[in-house]
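Note that the numbering runs from 1 along the sequence shown for the chain.
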Amino acid sequence: MKQVGVCLPSCPTGYYGIRSPGTSECKRCKAECETCFHRSFCTKCKGGFYLHTGKCFDTCPAGFENNNHSMECNTIVHCEVSEWSPWGPCTKRGKLCGFKRGNETRTREILQQPSALGTPCPQTSEARKCIVQKKKCSERVKGKDEVKKNKQRKKEGDVPRKQRQKKQEKAQRGEGKRRDIRA
């Protein structure tokens with residue numbers, strides 16, 4: 001390549017090469033281009049400019065956003081979410097029984113995070129009040145807190161409240177262990 005009368009293996013930064021059968025020359029890129037491969041196509045812009053389709057802009061065109069890391073114009077990406085899941089079961093404090101009014105929830109997943117100027121993501125979970133036919137909990141379907149209390153009582157040797165009440169009632173009626181009093 002020929003640059004002001006000097007032959008070079010390649011053109012310096014800010015220039016692009018033109019080859020023809022008789023000569024090869026280096027021509028200057030446009031003023032805002034740091035590097036280019038043709039007068040009308042930049043490959044990197046000078047500081048303060050953003051590259052978009054081979055041209056340098058001080059701000060990106062509509063539908064694109066400035067990427068200050070790569071100094072390129074990126075397409076604006078909007079949030080995408082999945083469809084709502086079905087409503088979950090009606091619960092209250094983690095229990096499925098022993099109440100009339102509770103809450104049910106549903107969720108959805110974020111499929112695409114938005115870019116800086118993209119539309120933000122909506123809520124990914126929601127709850128609503130629900131009413132169920134009140135049913136008693138069976139011994140096996142107790143709430144987490146109730147199960148913990150019973151385990152703690154048994155561990156400490158404590159007798160559950162109903163059993164204590166029955167023993168007290170029997171004692172009041174004179175039932176239970178009899179003691180013979182001898183005179």
Side-chain angles (χ1 to χ4, degrees), residues 1-133 141-145 147-148:
M1 292 293 197
K2 188 174 178 186
Q3 173 73 19
V4 192
V6 178
C7 291
L8 303 169
S10 63
C11 294
T13 300
Y15 291 82
Y16 63 97
I18 296 179
R19 296 181 189 266
S20 60
T23 62
S24 295
E25 295 181 70
C26 293
K27 297 282 185 171
R28 184 177 292 278
C29 298
K30 286 185 175 181
E32 64 274 6
C33 291
E34 188 171 310
T35 60
C36 64
F37 69 82
H38 188 273
R39 173 124 179 103
S40 61
F41 200 97
C42 295
T43 54
K44 185 176 180 185
C45 298
K46 288 185 178 175
F49 290 95
Y50 299 92
L51 183 65
H52 178 65
T53 61
K55 293 180 174 40
C56 296
F57 297 88
D58 56 354
T59 185
C60 294
F64 295 88
E65 60 188 0
N66 302 346
N67 181 327
N68 293 325
H69 180 70
S70 67
M71 296 307 289
E72 294 179 356
C73 297
N74 294 343
T75 305
I76 294 174
V77 177
H78 301 289
C79 179
E80 291 180 36
V81 292
S82 67
E83 294 295 319
W84 285 108
S85 68
W87 286 102
C90 193
T91 63
K92 185 171 186 176
R93 294 188 195 124
K95 292 177 18 178
L96 297 168
C97 55
F99 61 92
K100 184 176 179 183
R101 298 177 196 278
N103 290 303
E104 57 187 355
T105 58
R106 66 180 183 171
T107 59
R108 58 183 168 184
E109 300 295 320
I110 295 175
L111 303 174
Q112 175 66 58
Q113 290 287 348
S115 61
L117 297 179
T119 306
C121 292
Q123 264 185 294
T124 55
S125 68
E126 64 180 8
R128 68 180 180 188
K129 295 197 181 303
C130 55
I131 298 174
V132 294
Q133 183 177 358
V141 187
K142 290 186 175 182
K144 294 176 192 171
D145 293 339
V147 170
K148 281 183 184 177

Nearest-0.5 Å distance that lies between atom [atom1] in [X] and atom [atom2] in [Y]:
X: Trp84; Y: Ser125; atom1: CH2; atom2: OG; answer: 6.5 Å
X: Ser85; Y: Glu126; atom1: OG; atom2: CD; answer: 9.0 Å
X: Leu51; Y: Thr53; atom1: CG; atom2: OG1; answer: 7.5 Å

Result for side-chain contact (heavy atoms from CB on, under 4.5 Å) between Thr91 and one of Leu96, Val132, Thr105 points to Leu96
More than 12 heavy atoms of other residues, nucleotides or ligands under 6.0 Å from NZ of Lys44: yes or no?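 Result for NZ/Lys44: open.
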Should the heavy atoms of other residues, nucleotides or ligands under 6.0 Å from CZ of Arg28 be counted, would the total exceed 12? no
Is there a salt bridge (charged side-chain N to carboxylate O under 4.0 Å, His left out) between Glu83 and Arg108? Walk through the geometry before answering. CA-CA 6 Å; Glu83 294 295 319; Arg108 58 183 168 184; over 6 Å; no
With a 4.5 Å cut-off on side-chain heavy atoms, are Ile131 and Lys100 touching?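 With C-beta onward as the side chain, the pair touches.
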Carefully, step by step, assess Asn74 and Phe64 under the rule side chain to side chain contact (heavy atoms under 4.5 Å, CB included). CA-CA 5 Å; Asn74 294 343; Phe64 295 88; 5.9 Å; no
Salt-bridge test for Arg128 and Glu104: reply yes if a basic N is under 4.0 Å from a carboxylate O, no otherwise. yes
Is a donor on one side and an acceptor on the other found under 3.5 Å between the side chain of Asn67 and the backbone of Glu72?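 No.
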Checking disulfide bond (SG atoms under 2.5 Å apart) between Cys56 and each of Cys33, Cys45, Cys42, which is the one that passes? Cys45
